[in-house]
Each structure stands twice: as structure tokens, then as C-alpha cells.
Amino acid sequence: MKDHTPWPSETAARYRAWGYWRGQTFGALLTSVTEAHAGRTAVVGEHERWTFAGLDERAHRIAAGLIEAGIRSGERVVVQLPNIPEFLSVVFGLWRAGVLPVFALPAHRHSELRHFASQSEASAIITVEEHGGHGYAGVARAVARDVESVRAVFAVGTEEFTQLASAAPRELPDPDPAGVAFLQLSGGSTGLPKLIPRTHDDYLYSVRESARICALRPESVYLAALPVAHNFPLSSPGVLGAVHAGAATVLAPRPDADTAFRLIEAERVTISGVVPPLAAAWVQAAARTTHDLSSVDVLLVGGAKCGRELAERIGPALGCRLQQVFGMAEGLVCYTRLDDPAELVLGTQGRPISPDDEVRVVNPDDPRAGSSDEVSPGEVGALLTRGPYTIRGYYRADDHNATAFTPDGFYRTGDLVRRRQSGHLEVVGRAKEQINRGGEKVAAEEVENHLMAHAGVLDAAVVAVPDEYLGERTCAYVVPVEGAAPTAAQLRRFVRERGVAAFKVPDLVQVVEQFPATGVGKTSKRELRAALTALAKER
Ligand code: J2J
């Protein structure tokens, strides 16, 4: 099984020749930004603030500490950290040591963490002892007992972490910039989330361009409101865009309007990024806030579709410019540009970062449609893409890769879009078996598998139902085994207790005698979900 599917060598040579891939690593980036901006604030947490020089030194120490702890270049380490400054020192430390961070979200629990650790054969887990009432280190230690490769758990604040973080800096060889730098998480549409191998070269290209498109300067202040390990606050333009620009990042411990507005006022935040439900909550709270939000220049909204009505309210309510972003951890990121006419900013999800992002809008009724099966201009179709920062394959996932990518290397995004003449895309729906719960992605099959582990469940199908606040919520239809009568509350508790992220616990559970379509012979899960989605919409 291949770890990673590289770009064809002629394609890679072109991306280098065109200046997209510059042969710089994340560690080298931090070094050069620190040379230019040593004394400027790099990161602000609840209790501390670090300059670039401070971040740089901490990252050097952690890199040395990892090597002293016996973790070698090329190994993987699961990182599950909330929005605290150590996220940055740890991740840059891992990069300098040539160790690959595997990003987990704070919401993930035992089941996901175990999967990430075993899939990547991780050597260690770096986390916190406790945060927001959840005992992270306890779960990490349980995963370490289950997964043989995991030799250590470093929890911020413990002796193990302090030792890691206080090693004497040492010279380390710079890793290969064309090599995989980290494993990012996919939203997933099948049984278990896939890991996404991103290289220094490809990711840094998207970060540099994102910083430019979002007009980041050293004077900018980026507020990370969402969990920073997610691709959007990490790179669009996110904390890495801020680092690239020599700008400050303010880490919000929670994304609610009260917390965010307090930080915006105190730190004179100029730019942030949020998912649509959060944008709606901020818009509402802005009407009665006493905080001064006048420093905010740009609010990025993405992760899920921002409806026209909400889009129109954001600028006036928050006194800033709206920038829509449609991105994916697999690569392609589209932005509306700051000088786009209002019609495009309000009515589309932007256009790709790169002139060499190849976009095809193909026959939406054929899940195997190739890059040449394009629909007529302006028609809705399935989005395929390939380009200088879009992966050619998931990590150690040969079977899945055979269908997730076309033979000529286009990634099947699973999104249904319409393309304007300007190249701007309007996201109109989804062909993948995923629920987008206000930006949090839920793979139908993953939740179905958890439900089917219950002794009283014969079959389950999970679909999206419209929701005023989140856009979509999850609804699980469950057929019990004969004689069993599990209740909705029992099934929700059962899924939660299997140790999964709370956002994956079905919002609604309908126990039904049989599925509507099963009467007419064998039905595919895809058709069944379509029938149930239609049924849910009628209600
Ligand atoms: C509709 N659907 C959207 C949008 C993402 C920046 C911003 C977001 C992500 C992200 C990201 C959408 N309108 N504006 O990685 O760098 C849905 C699509 C897409 C999927 C990817 C970034 N913005 N989506 O959300 O990997 O369905 O990345 O394929 O979590 O989110 O999800 P994810």
C-alpha cells in the first residue's frame, strides 16, 4: 500500500518552474519570518503572548526535545490541541524535526483518535491534560494502550511536555520540502475519516496565496475563532497565513460572540474566519454589543454554504467586508476577491486561488464521470479538480483512491456547483454521502456503522435534514431487529458512549419498521439515503 501518491514528475517540474513550489519547508518559513519580524507579536493566547522570536525559540526546543525523546524524522505524531499558543510551537517543532503532525480536532474522542493513531502508526500523541471539561490526556493514554506504535503521550502542563519543550535547541537537517509535511483530516464520506498527506511545497503555496488574496500584512491581526487544526482556520488564510505575513494570531478559546468580540476589541483584530451559523450568531450579537468592532476589516465565511440573506447582512452588521471561501482539506480553495463586485461576493463562493487550479464541472448523474464529461457552461454539475495544491491520493487508501480520483488525477470533490463565466463557483449541493452540520462534516456511513453495532439495530441510514440554524442536521433512520425496541434516546447515548465526536451523534433518530424503498428488492444505500432525504424534506 502506497503512503502517498506523488504528482507526476513532469507536473511537479512545471509547478516548480512556475514558482508555485519553492522548496521551502515550514521550519524555514518560520526562520525567515522571525529574521524579518523577531520582535512583533506572533501569537496571543488567554494568558500569554509570544513574539516571533519567542515562537521560533520554542519550536527549536520542541524539535530538539522530540529527537531526545527518540522520535525520528519521518514518524507521525497525533496532535490534539485546543486553541492555545502551544499549538504553534508544537506543530513548528514537529516540522523542524521532520516529524509529521496528524491533526485531530478537539471534538474528537477515543474512536477517532484511535483510528488516526493506528492508520498513521503514530509514535506519540501531543495533547492537553484537560480542556472544556474533557480529559484529553486520559483518552490519549487509553489510545496509547490500544495502539502498539504509540510510545508516548505528551500533555501540555505535565512533566513529560515540559521536558520536551525545554530541550536545548540543536541544528537539525531541514526535511525534504517535496515530502509529506503533515496529515490533515478529511470530512469523510465513507466509514472512517481518511488522512490527507500535504507537502511543504504544496501547502505553503496555498498559504502564501491565501495571505495575499486576503490582504494580510504585518499589521494585520487574525482571530482564530474556529479550532485551529481545521484546514480553514489553519490556512485560509488562517494562522499559517498570519505567520507567513508576519502578522499576529489571536487564539479564541471559544467561538461565541462574547468571547470573540472581547478579543476583537482588546487586540484590534482585523480579520477572522467563521462558519455560517457562527456568522449569523455574530451578526445577531453585533446589534446589541458594547464592544468596539471597528478594527475588523474582513470576515471570511465558509465551510458550508453562506446563504444570500446572511451574506447581505454581514457587512452592515459587523462593519466589515465579507469574503466567501469554499475550500477543502484535500486542496482546492476558492475565495471571492476583495475587489469583486457585490454580486459575486454575495452570490458565489469565490474562484480558485491558482490560475493553474484545473476545474471541471461534469455530469452529476454519473458518479464515475471523467474530466471530459463536462456539462454545458452555466449548468450544475459535479466538481472535479486538480492542481498545484490538491492531493492525488489519500494516505494509505489505495482502494478508496481508485474511486475518489479520476484516472487522470482529478479529485472528485462530491460538491455540486455552477460555474460563472468569471470562473466563480456557486455551490448548489452535494453528491457525497456526507452531512454538513454548519461546517462540521459527518460521514453518513461512519454513523451508520456505530448505530449498527447496537444489538437491537438491524439496519440504519443517516441523512441530512434541513435546519434553520445549522443548515443541516443529521437524522438517523433505524430498523430494529425483531423483538427489539431501542428508543431514540438510548441510541443517541449508545453512539456517544462509543467515544465519537459529539457532532456525529445523530440529532434525530427515527425508529421505523422498514425502510421506505426496501420493499422493491435490494436497494443501494445511496438510493435509500436519497429516498429518506426526500421523505425528511416532506415532513
Ligand atoms: C459550501 N460548501 C462548502 C462553502 C466548504 C477553507 C474553507 C472551508 C474548508 C472546509 C477548508 C464551503 N460553501 N463556502 O478546508 O481551507 C464544503 C464542501 C467541501 C467541504 C470541505 C478551507 N466551504 N464547503 O470546509 O475539508 O462540501 O474544508 O467539499 O472540512 O466543505 O470540507 P473541509
Side-chain angles (χ1 to χ4, degrees), residues 103-105 107-108 182-189 193-196 198 202-203 205-207 209-211 213-214 224-241 272-279 299-308 310-311 314 322-336 344-354 357 359 380 382-385 389-391 394 404 411-418 424-444 464 470-472 501 503:
F103 289 123
L105 296 173
H108 287 135
F182 65 100
L183 298 174
Q184 184 54 291
L185 288 177
S186 78
S189 54
K194 301 286 175 290
L195 298 176
I196 299 172
R198 301 290 304 256
D202 90 76
Y203 206 69
Y205 169 53
S206 77
V207 165
E209 286 302 291
S210 293
I213 290 166
C214 302
L226 302 170
V228 279
H230 186 271
N231 207 57
F232 175 14
L234 187 65
S235 66
S236 300
V239 299
L240 294 177
S272 187
V274 293
V275 290
L278 201 53
L299 186 68
L300 289 123
V301 180
K305 173 82 175 253
C306 178
R308 176 93 195 196
L310 173 61
I314 289 169
L322 165 68
Q323 191 166 25
Q324 295 211 40
V325 52
F326 161 47
M328 54 205 72
E330 287 82 356
L332 182 72
V333 181
C334 302
Y335 294 97
T336 57
L344 291 176
V345 173
L346 299 172
T348 77
Q349 280 61 58
R351 63 179 169 85
I353 286 180
S354 174
D357 279 319
V359 163
V380 170
L383 172 65
L384 309 183
T385 187
Y389 59 98
T390 296
I391 57 161
Y394 290 98
Y411 167 56
R412 297 183 191 280
T413 66
D415 292 310
L416 298 177
V417 302
R418 184 185 288 123
H424 287 67
L425 302 177
E426 204 184 317
V427 182
V428 299
R430 200 168 51 235
K432 56 191 163 190
E433 308 288 286
Q434 185 186 74
I435 296 96
N436 190 334
R437 206 175 165 280
E440 289 182 310
K441 314 303 184 318
V442 181
L470 291 173
E472 294 176 12
F503 67 79

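Ligands are counted one by one from 1 in listed order, and the atoms in each one are counted from 1 as well.
Closest to atom 1 (C) of ligand 1, if we only count protein heavy atoms, is Lys305 N, 3.3 Å. Of all protein heavy atoms, the one lying nearest to atom 4 (C) of ligand 1 is Ala304 O, 3.5 Å. In terms of protein heavy-atom proximity, atom 15 (O) of ligand 1 is nearest to Asn231 ND2, 3.1 Å. Nearest to atom 26 (O) of ligand 1 among the protein's heavy atoms is Ala329 N, 3.0 Å. Atom 11 (C) of ligand 1 has its closest protein heavy atom at Gly327 C, 3.4 Å. The nearest heavy-atom contact from the protein to atom 23 (N) of ligand 1 is Gly303 N, 3.0 Å. Remark: minimum distance from atom 14 (N) of ligand 1 to any protein heavy atom is reached at Val325 O, 2.8 Å. What sits closest to atom 32 (O) of ligand 1 on the protein, heavy atoms only, is Lys441 NZ, 3.1 Å.
Distances below 4.0 Å separate heavy atoms of Gly302 from the following atoms of ligand 1: 14 (N).
Salt-bridge annotation for Arg351 and Asp357: absent, with no side-chain N of the basic residue lying under 4.0 Å from a carboxylate O of the acidic one. Checked for salt-bridge contact, Glu472 and Arg430 meet the test: a charged N lies under 4.0 Å from a carboxylate O.
Distance alone, capped at 3.5 Å, is enough to place a donor-acceptor pair between the Gln324 side chain and the Val345 backbone. Of the possible donor and acceptor atoms, none in the side chain of Ser189 sits under 3.5 Å from a partner among the backbone N and O of Glu433. Side chain of His108 to backbone of Leu105: a donor-acceptor contact under 3.5 angstrom is found.
Partner of Thr413 under the side chain to side chain contact (heavy atoms under 4.5 Å, CB included) criterion, chosen from Thr390, Val427, Thr385, Leu384: Thr385.
Aromatic pair Tyr203/Phe182: ring centres closer than 6.0 Å.
There is no side-chain donor-acceptor pair under 3.5 Å between Tyr394 and Ser186. No side-chain donor-acceptor contact under 3.5 Å links Ser354 and Tyr389.
With a heavy-atom cut-off of 4.0 Å, Met328 touches ligand 1 through backbone and side chain alike.
Put simply, part of His230 is less than 4.0 Å from ligand 1, judged by heavy atoms. Taking a 4.0 Å cut-off on heavy atoms, Gln324 fails to register as neighbouring ligand 1.
Between atom 27 (O) of ligand 1 and the options Asp415, Val301, Val333, Val428, the minimum heavy-atom separation is to Asp415. The residue among Ala431, Ser189, Ser236, Ser210 with a heavy atom at the shortest distance from atom 6 (C) of ligand 1 is Ser236.
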